[in-house]
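Worth saying up front: this structure is predicted, and the values here are computed from it rather than measured.
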Amino acid sequence: MAIVLGPNQYGKAEVRVVAVDRSTPRHALVDLNVSSALRGDFAAAHTAGDNAHVLTTDAQKNTVFAFARDGIGSPEEFGIRLARHFAGSYAWVSGARVAIESYGWDRITVGGAPHDHAFSRNGGEVRTAVVTVDGDDVHVLAGLTDLVVLKSTGSEFWGFPRDRYTTLPETDDRILATAVTARWRYTGTDVDWNGTYDSIRTTLLETFAGTHSLALQQTLYAMGEAVLERHADVAEVRFSMPNKHHFLQDLSAFGLDNALDGPGAVVYHADDRPYGLIEGTVLRDDVPASPAAWLGTPGFC
Ligand SMILES: O=c1[nH]c(=O)c2[nH]c(=O)[nH]c2[nH]1
């Protein structure tokens, strides 16, 4: 029996870089959280404390800031530039993974006009990109987290089996709400990153809204199917979607009914936990799987 070093990677996590394009009076702002990780032959550092192969995490951080000086473009483009640079830096670096979160800022409107250089953060939603360079191969995942959506009707849930612990009533009219985390894998790199991102986000929203839902699982599948139907360069979409339960509040103690078709407002309590967690992948069956693209991406997606 020998004890050996298994898979490993190292890098700088969560480099917060904000780049402002001031080339015109109308500034443009990009706000990223960048994490890099190198893969390759780093055995001696682990087993002997020999750092001859260790491109410092400090240098990786500096590289992120230096590259931002040339403009960031889309998160995917920036990730590809960085990952290619790191993977090509030394013979013993065989690959690099660059994961990016992109925070959105909207222009503040003053007197009806969008301001040139004042912005407000737009909610909790975050755009994501993960670029993995593995030798000459480049894999790109794009996605988003915490796209919070709600339908106040157009959602049913019934027809499930009833064991001795099943108490949930069947319903033909409920609130459906979730916070979408999705990642999709592109088949290549010749992509209009920002345009495609916007289009896929719109597709997710339109499909959530337009699908008369019999289960969140069905809505998840419909959202993935719509993305794949409209985007030939996407191979698969992975989702993690909490079912943000809204239960009708019992108001009978106050002599009030709470009927869906009654005269007053319908009152729900929004439960934050526990929540159903619905996760799934929708994919083309004729595109090979790509474990390298997902290596190091934790959780379901
Ligand atoms: O859309 C749903 N899917 C479920 O699997 C489930 N389970 C549950 O209790 N409510 C719901 N709703």
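- Checked by atom type, the side-chain pair Thr196/His231 shows no donor-acceptor distance below 3.5 Å.
- In this structure, CD1 on Ile108 lies 5.0 Å from OG on Ser120, to the nearest 0.5 angstrom.
- When all heavy atoms are compared, the tightest approach of Ala13 to Ser35 is CA-OG, 3.5 Å.
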### Query
Between Thr128 and Arg183, does a side chain to side chain contact (heavy atoms under 4.5 Å, CB included) hold up when you go through it step by step?
CA-CA 8 Å; Thr128 63; Arg183 291 189 196 272; 3.5 Å; yes
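- Note: the hydrophobic cluster containing Val191 does not contain Phe78 (ILVMFWY, side chain heavy atoms under 4.5 Å, direct or indirect links).
- For the pair Phe239/Thr181, no side-chain contact is recorded, criterion being any heavy-atom separation below 4.5 Å from C-beta on.
- Separation of atoms CG (Leu5) and NE2 (His46) is listed at 5.5 Å; rounding is to 0.5 Å.
- The structure places CG of Leu38 at 6.5 Å from OG of Ser89, a figure rounded to the nearest 0.5 Å.
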### Task
For salt bridge (charged side-chain N to carboxylate O under 4.0 Å, His left out), just list the numbers for Glu206 and Arg201, CA-CA rounded to whole Å, side-chain angles, deciding distance to a tenth of an Å, and then say yes or no.
CA-CA 9 Å; Glu206 286 178 356; Arg201 182 179 180 280; over 6 Å; no
### Task
Please lay out, stage by stage, how Trp193 and Val140 fare under the test side chain to side chain contact (heavy atoms under 4.5 Å, CB included).
CA-CA 10 Å; Trp193 302 114; Val140 180; 3.7 Å; yes
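- Between Val34 and Val17 the shortest side-chain heavy-atom distance falls below 4.5 Å.
- Between Ile100 and Asn33 the shortest side-chain heavy-atom distance does not fall below 4.5 Å.
- Counting only distance, with no hydrogens or angles, the side chain of Arg97 and the backbone of Gly296 share a donor-acceptor pair below 3.5 Å.
- Using a cut-off of 4.0 Å between Lys/Arg side-chain N and Asp/Glu carboxylate O, Lys61 and Asp58 are scored as salt-bridged.
- Using a 4.5 Å heavy-atom threshold, the side chains of Ile80 and His139 count as separate.
- The hydrophobic cluster containing Phe67 also contains Leu32, counting ILVMFWY residues as joined when their side-chain heavy atoms lie under 4.5 angstrom apart, directly or transitively.
- Side-chain heavy atoms closer than 4.5 Å link hydrophobic residues (I, L, V, M, F, W, Y) into clusters, and following such links, even through other members, never connects Leu256 to Leu248.
- Aromatic ring orientation, Tyr10 versus Phe42: perpendicular (interplanar angle above 60°, classes split at 30° and 60°).
- Judged purely by atom type and a 3.5 angstrom limit, Thr178 has no side-chain atom pairing as donor or acceptor with the backbone of Asn243.
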#### Entry: Candidate pair Trp158 and Asp172, rule side chain to side chain donor-acceptor pair (under 3.5 Å), full reasoning
CA-CA 7 Å; Trp158 47 268; Asp172 62 3; over 6 Å; no
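- Under 3.5 Å, the side chains of Ser155 and Arg174 contain a donor-acceptor pair of N or O atoms.
- Between Leu82 and Thr63, the closest side-chain pair of non-hydrogen atoms falls below 4.5 Å.
- More than 12 heavy atoms of other shown residues, nucleotides or ligands fall within 6.0 angstrom of atom CZ in Phe119.
- Between the side chain of Gln60 and the main chain of Leu55, a donor-acceptor pair closer than 3.5 Å is present.
- Annotation: the span from Gln217 atom CD to Ile278 atom CD1 amounts to 4.0 Å, rounded to 0.5 Å.
- No hydrogens or angles considered: a donor-acceptor pair under 3.5 Å links the side chains of Asp250 and Ser252.
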### Query
Going through the distances and angles, do Val138 and Arg84 end up as a side chain to side chain contact (heavy atoms under 4.5 Å, CB included)?
CA-CA 8 Å; Val138 180; Arg84 280 209 167 115; 3.5 Å; yes
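- Hydrophobic clustering places Met241 together with Val237 (ILVMFWY residues linked when any side-chain heavy atoms are closer than 4.5 Å, directly or through intermediates).
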### Query
Does the pair Thr132 and Asp134 meet the rule for a side chain to side chain donor-acceptor pair (under 3.5 Å), with working shown?
CA-CA 6 Å; Thr132 304; Asp134 184 17; over 6 Å; no
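- In this model, a donor atom of one side chain and an acceptor atom of the other lie less than 3.5 Å apart for Glu279 and Ser240.
- Tyr103 and Val98 are members of different hydrophobic clusters when ILVMFWY side chains are connected at heavy-atom separations under 4.5 Å.
- A distance-only check finds no donor-acceptor pair linking the side chain of Asn51 to the backbone of Val54 [under 3.5 Å].
- His115 and His117 have perpendicular rings, their planes meeting at more than 60° on a 0 to 90° scale where under 30° would count as parallel.
- When all heavy atoms of Val180 and Leu144 are compared, the closest pair comes out as O-CD1, 3.5 Å.
- Put simply, the side chain of Phe160 reaches to within 4.5 Å of the side chain of Leu168, judged on heavy atoms.
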### Message
One pair to check against side chain to side chain contact (heavy atoms under 4.5 Å, CB included): Leu147 and Leu205. What are the steps and the verdict?
### Response
CA-CA 9 Å; Leu147 173 61; Leu205 290 173; 3.9 Å; yes
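- A salt bridge does not link Arg121 with Asp106: none of the charged nitrogens is closer than 4.0 Å to a carboxylate oxygen.
- Heavy atoms of other residues, nucleotides or ligands lying less than 6.0 angstrom from CG of Asp70 number more than 12.
- Residues Lys151 and Phe208 are in side-chain contact: their nearest non-hydrogen atoms beyond the backbone lie under 4.5 Å apart.
- For His53 (side chain) and Asp41 (main-chain N/O), a donor-acceptor pair under 3.5 Å exists by modelled atom type.
- Summarising the geometry, atom CD belonging to Gln249 is positioned 8.0 Å from atom CG belonging to Asn258; distances are rounded to the nearest 0.5 Å.
- Enclosure of atom CZ in Arg162 by more than 12 non-hydrogen atoms of other residues, nucleotides or ligands within 6.0 angstrom is indicated.
- For the pair Asp146 (side chain) and Ala179 (backbone), a donor-acceptor distance under 3.5 Å is absent.
- The neighbour count for Asn122 CG, taken as heavy atoms of other residues, nucleotides or ligands under 6.0 Å away, is above 12.
- Electrostatic pairing of Arg238 and Glu236 counts as a salt bridge here, judged by a charged N lying under 4.0 Å from a carboxylate O.
- The pair Arg81-Glu76 does not count as a salt bridge, with every side-chain nitrogen at least 4.0 angstrom from each carboxylate oxygen.
- Between Lys244 and Asp271, no side-chain nitrogen of the basic residue sits less than 4.0 Å from a carboxylate oxygen of the acidic one, so the salt-bridge criterion is not met.
- Between Phe247 and Tyr268, the distance from one ring center to the other does not fall under 6.0 angstrom.
- To the nearest 0.5 Å, the span separating OG1 on Thr207 from CD1 on Ile200 amounts to 11.0 Å.
- Although no hydrogens or angles enter the test, the distance criterion places no donor-acceptor pair under 3.5 Å between the side chain of Arg230 and the main chain of Ser199.
- Under the 4.5 Å side-chain criterion, counting only non-hydrogen atoms from C-beta, Asp257 is not in contact with Leu251.
- Pairing each heavy atom of Glu170 with each of Gly159, the nearest pair is OE2-N, 3.0 Å.
- Residue Ala259 comes nearest to Val266 through the heavy atom pair O-CG2, 3.6 Å, listed as atom of the first residue, atom of the second, then distance.
- In this structure, a donor-acceptor pair under 3.5 Å is absent between the side chains of Thr219 and Thr211.
- Side-chain N or O atoms of Arg39 include none that pairs as donor or acceptor with a backbone N or O of Val93 at under 3.5 Å.
- Asn194 contributes no side-chain N or O that, together with a main-chain N or O of Asp192, makes up a donor-acceptor pair within less than 3.5 Å.
- The backbone N or O of Ser36 lies less than 3.5 Å from no partner atom in the side chain of Lys12, so there is not a single donor-acceptor pair.
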